[in-house]
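To keep things clear, I will list the structure first and then write my remarks on it.
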Amino acid sequence: MTPFLNGFIISLLFVGGVYVVAVLERWSMTGNVNWPGPARSFYLLFAQEEIKTRKHDKVFFETAPILFIGVILLTISILPFGRGSVMVDLGTGALFINAALVYVMVSLLMVGWAVNGVYAMVGGWRALAQLIAYSMPVVMVLTATVMRAESMFLTDIVESQQSLWNILYQPVGFMLFYISALAITFLPPFDLPVAEGELAGGVWADLTGARKLLFRLGRLTLVLTLSVAVVVLYLGGWMGPWLPGFVWTFLKTFLVATSFFAIGRYMPRIRHDHLLEYNWKYGVPLALYNIFQVGIVLLL
Amino acid sequence: MISIQLILLIIFGLVAIWFGWRVFMTSSMVRSALSLLGSMVAIGALFLVMEAEFLGVLQIMMMGTEMSIMAVFMMMYMMDPGGLGNMDMSHQKNLSIAAGVAVTVLITGAVLFADWGTIVTQVPSPHEQNRLLGMEILKRSMMIFETAGVTILTGMIASIAVALSIKSSREK
Amino acid sequence: MELLITALIIAAILFGIGLYGALSQTNLVMIMMGIELMLGAAMVNLVAFWRYLHPEAFSIQMFVLVAMTVMALEGAVGFAIATQRFRTSGSVEMEESAELKG
Amino acid sequence: MNFFRRWMAKAASRELCIFPVPGSDVLRTYQSESLSGQARLTTNSREANVLLVVGDMSRAMAGQAAIVYAQMPRPRVLVMAGPEHLDPLPHPDVHVTLENDFLTTALPVIREYLSNHSWKDEAEAWRPETLVNKIEEAGQQQGHMHDHGGHDHGHEGHQHGGHEGHDHSAHQHEEHGHGHHTEHASHDHGHNHGGHDHGAHGHGGHDHGSGFMSMIAMTKDLPRSADGLPMEWSDVQFGPFHPGLPGGLCLSMKLDGDTVAEAEADQNLTGRNLLASIPDNPMALPEYLEAVNPMAPVTYRLLAQKALVNFSSEAGNSALTLPEAVLLEKERITSHLNWLAVLAVVLGSDWMRDQAIKHYHRFQNDTGSVPQLSGFIKRVKKMPYLKLKLSVASHGIGETEEHNQGVAGDTHVEHHYEHNADSHSDHCHEEGDEYKPHDHGKPGHEGHGRGSHGSHEQSHEGHEHHHEEHNHSDHQLKDHKQESHEHEHADHPHKEGDESKKHEHHGEHNHSHEMHQHAGHEHHEHVHHDHGSGDEKEQAIGPGLNQLLGDITGPVARAAGIEKDHRLEEAVYQQAGWTPVTATGNNAWSRLMVRLDEIEQSLRFIEKAGNDSGSESSQKINIPSIGMGNGIAHIESPRGKVTLKFHIHEGKLAHVHLASPSAALAGLVKPITEQQELADALTAVTSLDISPWEINP
């Protein structure tokens, strides 16, 4: 297949994937899978009136959604979906994932601050604490995968999993990356910044119309992107018998995304002090141990 | 001759300077913290333009976290973080302007009149750079990196010791 | 040659702005931002030298990493001092910390 | 309307997002099955396009609902079920009579209205005038920046002002002329650190330099938080329609960052003056009391019937018959399930919420399946991380290790409403925000609710440590540690001057009744009420907090290990060999466990009673038309022990006096949420299961 056709199919699949994630999110909230639901709420958000709160910070109010969506689209460009099909094969691909995710936090902070409301404010600080905390294990665990592949190219990382997938090679790393991915996308067990029950929507409490739509869409793409990252780094990317590469990638991504939302549905929200305590006291040391363990296994 | 690299360099340089200038011009403190973040990202982009890819990505990543924390501290310790009262928070203005301008002129003078020798056009590929940088760190300047690590440790312990209110914990 | 010169001039201007900020602001946190800007300018210089003069000498890149750690450390210790000042005297304004002169 | 807008209207109208006022738990009592599919209940007024007002409510609550309505983005629909018109709210677009399952009839009407009316050009922005003057007030105090909170609503106080020429196709209109944003909100800039604009302080030490403002002067009067940093606290109102709290309950908190420095439940938002308009004919009392607490109607009806039977038969305390006990237990199950749904929202577990709602509806219309419910309860108990998450709100009433059973156990504590119910009505805010103090000389104090709800606390003589919340301007209550109990509580200069009889406080509270001087309740001119002017009190036994627990009845007390359950004194339960469920954890988790075990216990009780349930023997009740008499009755409602006392004067109801557990529970809010993280504080308050309707009916 010509690279163009390949690329076109992948982008179609990606957009479809985002819609599937939207349906999954609605399932985790309401318990029943209704396919037209997300589309309808998409119109509703479009039809809504734009509301600006009092004394909002004009600069941040406008830039935050665009920064949020832009950063996530950047992350997609470096993820390899198939053997040859990656938009930008960045020399420091692994590091770039985390570099982009930090700006998810910055945009949440911006929107939390710009809206000039206490709920959004508290949501913003929670997002800051949570995303700083959980991007530390992500960086360390990424170095472990880079160590195995001896290169930062994501394509090399996938190639290095030819013999044994990273999920079996470094299970501790996989578990940490999985939990951190949940925390970075603030999905239900970690949805402190946008807590429905406590902060009535937290950081997004005050957004309406197109801005809210951008954030909603951005978060769905973020969930899909991180699922693809989990697949690429730990579940052997496009490797699989019979089917072409990118079909495997999307299949595994679908499984990972469903597990994200399943955890969210059946667990209560984590407490703020536990959130930070588990990360700083157990997450980061475990990540360091993981690097140590992978080093030893490599040298054996 | 005008190469793309020069154009990009100038663009990102101007962006960095404009954000840097706004840091001290805005009355809203959080906006100044995040415009410092903007200038740091522009500096990261400068690194990327100059093909130091690892450093560029690292700079962009690190500065994101650091400047957000700075924004938190700005809010805690500034009198009016929202900048709605537009107070003027500076003093001895003209002295500092004079110092800034003098230093800039001095450096540009040195830059223009120094003889830099031949400019190298070829640079190893990013992959190669990472490997060489790794080798460099683990071979020749292992010592420097160790001390950097230890200084970070002492810095952490020192800042915690300073920040905690030991006195009040004894009272309770 | 122009590439190196433009990069160095940009760094010089950034350094000048940083110096202005560090000297003109009354608040400790703002002064720290000035210093961070100056360090950023220094890093641009280093990378420019590495790229255009000695691309094979990676000790420059390593030095940039050390400069980054200095930046982070300076921020951390500066905030610790600011917290302590704020707790004892309720203000981080430089004007009001005359008693620290000692 | 052009084609695109009509198509957009159709699409939007299929997706109904309903924001229920005063709360989803009240709405559930009027539903027979959960509305899955046709419409969604949202927790955030920004997402909603339907504002559903359920049942009658006080003027203050309607004011809050008006703020929420103004906050909803257009296109929106205002639906009222029950009342024709509530003062600050505009005329409802859709009106429905309030009866069970009114939603099934209302939804198509709402959908039809939304799809072709709400997009008309004349759908103009609407702003309640209470908010308009708040803007002016905030406007001219431009310098005065710090938060004068108090009246924002469930969600932060933001209003949508004129929206700029947003080009979304739906409706292009420049309403109320001015293009720029006239947003109006109660908050200044919401940030809560050092938000003081120096204008607010005026007296800042301008010692050096004109423009320079010394920071020391600004931060010297700020309250020091736990870590010693003088940070500014922000007043936040977790208002009456907060998704995580019971509908109608309004918490006003002082937030230091996101730890709660001080939290209080507003006591007078839900008052509907019900007890003011008491029916003369005593026989109408049962139906009447059902309206008092929509969350537990059956319990209150049984209570009224028991009181009437007591009054007429004079044969002492008439026990519950078996069918009545079965009805009571069924109500307990549905009430606990309703509470579990609210708790699940604050916990953030959607599965638990959906299951709780499903079982609630099933058991409400008696089609519940016992094995499924006990299976659900088992899974809730085994939910991962739930025990850790709920081990919160314990230290608040934690140190009850030596909660001397003696003191708490025997005293029949009814203290909430010494002053008769009527006086409630006259001082709880007919005048809306402006709380006219009960006119006995207490100088009028401005509109925040402290003044009148302070008097509720006052009447809790038992709670010495409540008193320090009083910030009545008129009498200086020394802020006293719990140990030192002498607080010279300057007696209220009663206008009428008749000194209320002293009655000693909580300890051996033998509730020698205060003397009431009241004209008949018909022309309830001001009724003096004794609100327990404090006097010297003997040393409290043990830390003040277990007094606190002494007044609490119901699951919260049983979760703290105190076996207080009125059902112990009911013959029906003794025959069935029933024993109260208790736990000793005294935190949110043990409260959850007690309530879940109670559900299972009630299920067993109903099953056992199911096979030998006699006929509904209604004892004959005759009301002598001459002479006077008092009727009294107690019943164990799902939230605790409720006491009804009424006085009949020549065949007509003289006054009704109701002591319900929620007032004491509301008193618990402050100690429980002290220095807690925001989310834990909200979980703690929800775990108390306070029914705001009971606080001041």
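Residue numbering restarts at 1 for every chain, and letters A, B, ... go by the order of the sequence lines.
Interface remark: B/Val23 contributes backbone and side-chain atoms alike to the contact with chain C (heavy atom separation under 4.5 Å). The part of B/Met67 that comes within reach of chain C is its side chain, from C-beta onward, which places non-hydrogen atoms under 4.5 angstrom from that chain. Contacts between B/Thr147 and chain C at a heavy-atom distance below 4.5 Å are absent for every atom of the residue. Interface residue B/Met70: backbone and side-chain heavy atoms are both found under 4.5 Å from chain C. B/Ala102 does not touch chain C: none of its heavy atoms, backbone or side chain, sits under 4.5 Å away. Both the backbone and the side chain of B/Glu51 come within contact range of chain C, judged by heavy atoms closer than 4.5 Å. When heavy atoms are compared at a cutoff of 4.5 Å, B/Leu132 approaches chain C by way of both its backbone and its side chain. Looking at B/Met62, only its side chain comes within 4.5 Å of chain C, counting heavy atoms on both sides.
The candidate from B/Leu95, B/Leu55, B/Thr108, B/Val103 with the greatest count of non-hydrogen atom pairs under 4.5 Å with chain C is B/Leu55. Of the residues considered (B/Ser32, B/Ala158, B/Ser39), B/Ser32 shows the highest number of contacts with chain C, using heavy-atom pairs under 4.5 Å. Between chain C and the options B/Phe145, B/Phe54, B/Trp21, B/Phe12, heavy-atom pairs under 4.5 Å are most frequent for B/Phe145. Chosen from C/Ile9, C/Thr6, C/Leu37, the residue pairing most often with chain B at heavy-atom distances under 4.5 Å is C/Leu37. Interface remark: of the candidates B/Met40, B/Met156, B/Gln129, B/Gln129 forms the most heavy-atom pairs closer than 4.5 Å to chain C. Your options are B/Ile10, B/Ile144, B/Val105, B/Val49, and the one with the most heavy-atom pairs under 4.5 Å with chain C is B/Ile144.
Atom CE of C/Met68 and atom CG of B/Leu58 lie 4.5 Å apart (nearest 0.5 Å). C/Met62 contributes atom CE, which lies 11.5 Å from atom CG of B/Leu138 (distance to the nearest 0.5 angstrom).
Between the side chain of C/Arg51 and the backbone N or O of B/Phe47 there is no donor-acceptor pair closer than 3.5 Å.
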C/Tyr20 vs B/Ile97, side chain to side chain contact (heavy atoms under 4.5 Å, CB included): CA-CA, chis, key distance, verdict: CA-CA 6 Å; C/Tyr20 160 75; B/Ile97 291 177; 3.5 Å; yes

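Nearest heavy-atom pair across C/Thr69 and B/Ile152 is CG2-CD1, 3.7 Å.
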